[in-house]
Amino acid sequence: MASIADISADSSAPKDALRPVFEAARAGDVRAQDALCRALRPRLYRVAFSYVHDADAADDIAQEALIRALTKRFLFMGQATVGGWATKIAVNLAKNRFRDRSRRREILDDAGENAHEAHGLAPTAPTAADVLLQGRDRDADIDAALRRLTERQRDVARLRLLGELSFSEIGRVLKMSEANARVTFHQARTRLVADLAIDFDAEDADV
Amino acid sequence: MSNDDTRPTATERHLRDVWVDTPPKRTDAAFSHAVAAGVAQRRRRGFQWGAGLSLTAAAATAVFFVVTRTDVTVPPAFDGPTEQVANVVIDPARAARDYPRPQLAALSPQVLQALVDSPRAPVANIDALDATAYGASLLDDDDDDTDVASTADEDGAIALSDAELYTNDDTLEFVPMDFSDDDDASLLAMSDLFTIPANSPYDL
């Protein structure tokens with residue numbers, strides 16, 4: 001049977017520059033904690049924002065993902081990178097936040113305007129549909145382009161573009177092969193570039 | 001991007017920027033401070049839980065549970081009722097006697113809550129084990145962190161059916177295979193929660 005030590009020393013585990021920082025942060029090193037926050041916050045925020053379309057909520061999710069990564073008793077076993085692990089936590093938090101918010105909105109919507117007033121809420125409080133519409137208004141082009149992707153393509157693109165995960169990490173998270181993740185991302189990227197009429201950058205030619 | 005380099009190209013940066021066009025409002029320093037405060041708060045709570053089960057190649061053969069929670073008063077800032085909880089340890093040997101193999105028992109959330117509600121829950125509370133809760137999740141999903149089952153959150157939701165057990169000398173490692181209901185290949189372990197004495201009936 002494999003021990004933690006064996007697994008941790010697994011040569012197939014991805015190289016992870018953040019691992020020492022993470023370990024130091026977990027051990028209570030304040031500077032390491034700060035460094036980890038600064039390194040991971042952007043990607044965690046972006047991934048969360050892509051779900052909730054709200055800056056405050058996205059930042060809260062990034063914060064919570066880091067807190068959980070640093071405090072859970074579970075041992076991080078090095079089967080993924082620290083960034084990949086934290087990103088996955090953020091994705092789950094964001095999905096739950098979005099789902100819970102939608103559920104609450106639906107309940108309030110069902111109750112009608114009177115119920116809103118009875119609860120002290122403004123009758124014009126946005127519904128779940130409003131939130132989605134705001135997202136589309138925010139940038140109709142990108143949202144339309146994203147909707148044209150398959151769900152799988154969107155997930156891969158989200159993890160790659162926003163989460164900055166490697167294809168091997170994406171494969172691990174989404175339970176697909178690295179090659180499949182790479183191909184799926186290429187398809188998504190090509191479609192987004194075409195739909196958004198982005199000038200193809202010369203540096204992308206080697207993709 | 002070539003090979004598996006994660007550095008984005010200019011096009012990819014552009015896609016990223018149009019996808020997420022709103023920067024966070026807080027400064028990095030404020031964010032780090034909030035994380036540090038959150039970490040400190042969670043650690044003060046000193047909460048652990050764990051569960052283990054032994055498996056043969058053919059079937060589940062036995063089970064024991066350990067719930068450990070150090071005395072803790074939840075900080076007032078915490079969004080939930082203040083709790084004072086004593087150490088609660090359920091003796092694996094007693095679990096073995098009361099729940100002989102091949103029965104697989106599980107602590108129901110109600111039993112766990114009862115243990116939490118009992119400031120000095122005696123080991124005798126093992127009698128409250130709900131053997132009919134076979135396969136029941138130890139966790140709830142309200143994510144309010146107000147009860148003993150509060151690890152049922154996005155990164156900790158663990159169903160027994162999703163777990164694999166590894167043995168390493170006299171230590172059991174409970175290795176959940178999932179973060180949650182979503183697929184995830186990341187592995188976690190709670191090996192420090194379990195130590196099986198050499199003469200344990202659960203010696204694998």
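Fair warning: this is a prediction, and the values are worked out from it, not measured in the lab. Every chain is numbered from 1 and lettered A, B, ... according to where its sequence line falls, protein lines coming before strand lines.
With chain B as partner, the option from A:L66, A:D56, A:V30, A:L36 having the largest number of non-hydrogen pairs under 4.5 angstrom is A:D56.
Neither the backbone nor the side chain of A:A90 has a heavy atom closer than 4.5 Å to any heavy atom of chain B. No part of A:D155 comes within reach of chain B, as not one of its non-hydrogen atoms sits under 4.5 angstrom from that chain. Both the backbone and the side chain of A:A62 come within contact range of chain B, with heavy atoms under 4.5 Å apart.
Remark: A:A181 pairs with A:F167, A:I170, A:M176 by the side chain to side chain contact (heavy atoms under 4.5 Å, CB included) rule, at least two apart or across chains. Not a single salt bridge (Lys or Arg N to Asp or Glu O under 4.0 Å) links A:R191 to another residue, sequence neighbours left out.
Between the side chains of A:Q63 and A:R41, no donor-acceptor pair of N or O atoms lies under 3.5 Å. Using modelled atom types, one finds no donor on one side chain facing an acceptor on the other under 3.5 Å when comparing B:T11 with B:T9.
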